[in-house]
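Let me begin by presenting the structure, written as structure tokens, before commenting on it.
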Amino acid sequence: SINWALIGASNIAREFVIGAIRDNGGTVSWVMSSNAERARAYADANGIEKATTDLDALLADPAVDAVYISTTNELHRDQAIAAAKAGKHVLCEKPLALSLGDAHAMVAAGRAAGVVFATNHHLRNAGAHRAMRQAIKDGLIGRPLAARVFHAVYLPESLQGWRITNPSAGGGVVLDIAVHDADTLRFVLDDEPEAVAAITQGGGMASAGLADAVMTTVRFRSGLIAQTHDAFTAKFAGTGFEVHGTEGSLIARDVMTQRPIGEVVLRTAEGERSLDFDRTGLYVTALAAFHAAIAGEGRPAADGEDGIRSLAFGLAVLAAAETGRTVPVETGL
Ligand code: NDP
């Protein structure tokens, strides 16, 4: 069984990832927090044996196979590099880092250590997105020409912390949500974004100059164009993902979420039909692939390179919004 240590006593680990590890036969033996009391309380509440504030102590434990990094974004780089150097497999939250150079350094450290390195982009694990990708590969919509992503949500009060107040922690809607759109578009379309234009909004929730909403237009390598709308401020919008091709459209609703819900409709000259898809938990699927990759079977769902690519997209969106210009997506890969 794979033994995990959590770096970061986070909400996402508590809500989804601890359960996904255990559902895949793994164990969680450590949690690290910057605060000793919080670490202990979190460990007790989640059935975790050891709590620490000392990253080195956790990394020195030979029983630890893998770490899950879900601290705030400015901390991912050093923690991931230290973990890789200690020979631990790394599942890191998105955005991998705050700069492309840092993300490259993390992935390089993983490669040098020969460990599995993955980015926790959950949406490509959704049956809905997998069904859309397959439908496109099967030619059901002809040649894809455009995509539209509706990922404007309301940030729950319990999460209205660093995301809306702290630029140095990588707050703001672009690094939080737009990076997921990038990964999902890349996965569903099997295409790469080449350039973006974007306008951000401060709609009254975020402070310190951070955006709490953004609309982006994207050009892909194939010539496809896409638009994305991300927000922390949209209470009633609902989410969705559409791909429009020469012979048909895929119209998905409620699919930019953490749970295996929603529906996908194929609309063509023949009419409309719903696509069936697998409803396994997104994080459960991610952890299954990660455990298999440790065993030498296949790749993690989203690897380090995928994390570099989604970060490159986010940084291009920020630059485009800042300059008012169309900005190329430079990955350095
Ligand atoms: P949280 O705010 O829950 O946790 C981030 C850090 O904040 C923790 O490491 C913890 O620090 C500190 N913290 C959390 N709760 C408290 C509290 N009550 N009091 C004091 N400090 C607290 O963040 P999220 O779980 O929302 O996000 C963590 C990471 O995961 C980010 O990188 C984010 O982008 C990513 N994420 C990814 C998702 C996905 O689906 N892929 C979904 C949600 C988030 P310490 O560890 O020092 O105690």
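Whatever order the structure lists ligands and atoms in, that order sets their numbers, starting from 1.
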Among protein heavy atoms, which lies nearest [atom], and at what distance?
atom	value
atom 3 (O) of ligand 1	Asn11 N, 2.8 Å
atom 34 (O) of ligand 1	Lys94 O, 2.8 Å
atom 2 (O) of ligand 1	Trp162 NE1, 2.9 Å

- Measure up the Phe290 and His89 rings against each other and bin them: parallel (under 30°), tilted (30 to 60°), perpendicular (over 60°).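 Taking His89 first and then Phe290, their aromatic rings stand perpendicular (interplane angle over 60°).
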- In terms of ring plane angle, is the pair Tyr283 and His122 parallel, tilted or perpendicular, where the classes change at 30° and 60°? parallel
When you measure from [atom] to each heavy atom in [options], which option holds the nearest one?
atom	options	value
atom 30 (O) of ligand 1	His180, Arg14, Glu93	Glu93
atom 5 (C) of ligand 1	Ser33, Gly161, Ser70, Ala9	Ser70
atom 11 (O) of ligand 1	Arg163, Gln258, Glu37, Arg38	Arg38

- Task: Check the surroundings of atom CD1 in Ile199: do more than 12 heavy atoms from other residues, nucleotides or ligands lie under 6.0 Å from it?
- Result: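 No, because the 6.0 Å sphere around CD1 of Ile199 holds 12 heavy atoms or fewer from other groups.
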- Query: side-chain hydrogen bond (donor to acceptor under 3.5 Å, both in side chains) between Gln227 and Thr216: does it pass, once the steps are laid out?
  - Reply: CA-CA 6 Å; Gln227 61 180 198; Thr216 303; over 6 Å; no
Residue [X] vicinity, atoms of ligand 1 by number, heavy atom under 4.0 Å:
X	value
Asn73	31 (C), 32 (O), 34 (O)
His122	39 (C), 40 (O), 41 (N)
Tyr283	39 (C), 40 (O)
His76	32 (O)
Asp176	34 (O)
Gly8	9 (O), 46 (O)
Ser34	45 (P), 47 (O), 48 (O)

Verify, without hydrogens or angle tests, whether [X] (side chain) and [Y] (backbone) share a donor-acceptor contact under 3.5 angstrom.
X	Y	value
Thr119	His121	no
Thr285	Gly281	yes
Asp212	Gly203	yes
Arg14	Asn46	no

- Kindly confirm or rule out an N or O of Tyr68 lying under 3.5 angstrom from an N or O of ligand 1.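 So ligand 1 has no N or O lying under 3.5 Å from an N or O of Tyr68.
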- Query: Does an N or O anywhere in Thr72 fall below 3.5 Å from an N or O of ligand 1?
  - Reply: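 Min N/O separation from ligand 1 is not below 3.5 Å for Thr72.
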- Does ligand 1 have any atom that is closer than 4.0 Å to a heavy atom of Glu15? no
- Message: Please determine whether any non-hydrogen atom of His121 lies less than 4.0 Å from an atom of ligand 1.
- Response: no
- Within 45 degrees of the axis of the six-membered ring of Phe187 and under 6.0 Å from its centre: does Arg133 put its NZ or CZ there?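 Checked: cation-pi criterion met.
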- Is Gln201 close to Met215 at the side-chain level, that is, under 4.5 Å between some pair of heavy atoms? no
- Query: If we only count heavy atoms from C-beta on, is the Leu145 to Ile225 side-chain gap below 4.5 Å?
  - Reply: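 When only atoms from C-beta onward are counted, Ile225 and Leu145 do not touch, as no gap falls below 4.5 Å.
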